[in-house]
Amino acid sequence: MRYLTKEWYELCQQTHLHFGLRVHNGAYESDEDLFLRLYKRKEKAHVKQERELYNLDPRFMLEHDGQVLTRVDKAFGEEEVTEEDQIVFHMPPEEREHIEKLIAEYDVRPPFDEKKCKEEYKESMEWNFQYKAENLPQEIVEQIADIRVFTLGYCTREVKLQLKKQSAENRREMERISKEFREVMIAQDISDEIHSQVQYHDCTVTELLTGDEVVIRFDTRGGFTNINKLTLVAPEILKQDGGIVGSYWLYQELYRIDNGYELHVLFGGENMPELIVRCADILVEVE
């Protein structure tokens, strides 16, 4: 990757460092009692939310089946609504079947496990404590009396102001790189049709075959396309990190070269692997 690199991706995650933080006078020094009190408050709110989600009856998803829908301009206009202005929404059979399966599982679900919920919350927070300590700017970490209190959403006024300033600087740099990337992509003079053939954001790689062709197959359920096979013709692999299968497609850069294209892909997952391939043509299909 030349522009949408791992570093650029990490920068994108660092543009809202101050969001959700509240100034707390007790954050100036480490105080175990304060931490425990705040932790219990957050834990209680988490358990309440998880219990509500667990006990949410999926039957509400069937409410729109058979509902009469009216054209927007008629619904909010003064003219009389006629039958031609309305349609009856009928849920696709496969969608209804999926919801009915959820309902069947809901009806036989065991009681909400509060103990397990608290254990999972504790594990999640411990991971977050470490993540914050390792990923925040070190000069700011050194000013935080208790990273646990910070992770729960509380900090000093000075720390919040510094994070707000750092977020703004990160956003400017992110946007600068993004603008330069867009300009370079436009200069490649590659058709929209070709660009559309490498749009697999959030699709999971299920298979990667190399040889006379590079063939990538996808599970597209998390993405925005139903095209699940990408073929790169007459390939020359410039870079192929391990761990691509099982990861998900994040961003791509596509360059014009003398005899075809050069495709750069950044994948999400452990170590964020990359793939760079030169090829004569790009083919896609739905299997």
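Values in this document were obtained by computation on a predicted structure and should not be read as measured data. The residues of the chain are indexed from 1 along the displayed sequence.
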Please work out which of the three classes, parallel, tilted or perpendicular, describes the rings of [Y] and [X], given edges at 30° and 60°.
X: Y39; Y: Y121; value: tilted
X: Y9; Y: Y251; value: tilted
X: F218; Y: Y200; value: parallel

**Message:** Can you see whether E139 engages Q162 through a side-chain donor-acceptor pair at a distance of less than 3.5 angstrom?
**Reply:**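 No.
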**Prompt:** Is it the case that E7 and T5 place a side-chain donor and acceptor less than 3.5 Å from each other?
**Reply:**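 Yes, because at least one side-chain N or O of E7 sits under 3.5 Å from a partner of the opposite role on T5.
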**Geometric cation-pi criterion, R51 with Y54: 6.0 Å, 45°** =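 No, R51 does not lie over the aromatic ring of Y54.
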Atom [atom1] of [X] with >12 non-hydrogen neighbours under 6.0 angstrom:
X: E29; atom1: CD; answer: no
X: K229; atom1: NZ; answer: yes
X: D212; atom1: CG; answer: no
X: H98; atom1: NE2; answer: no
X: E105; atom1: CD; answer: yes

**Asked** Under 6.0 Å between ring centres, would you say that holds for Y255 and H264?
**Response**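 They qualify: ring centres under 6.0 Å apart.
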**Side-chain ion pair, E180 and R176, N-O less than 4.0 Å** =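 A salt bridge is present here (some side-chain N lies under 4.0 Å from a carboxylate O).
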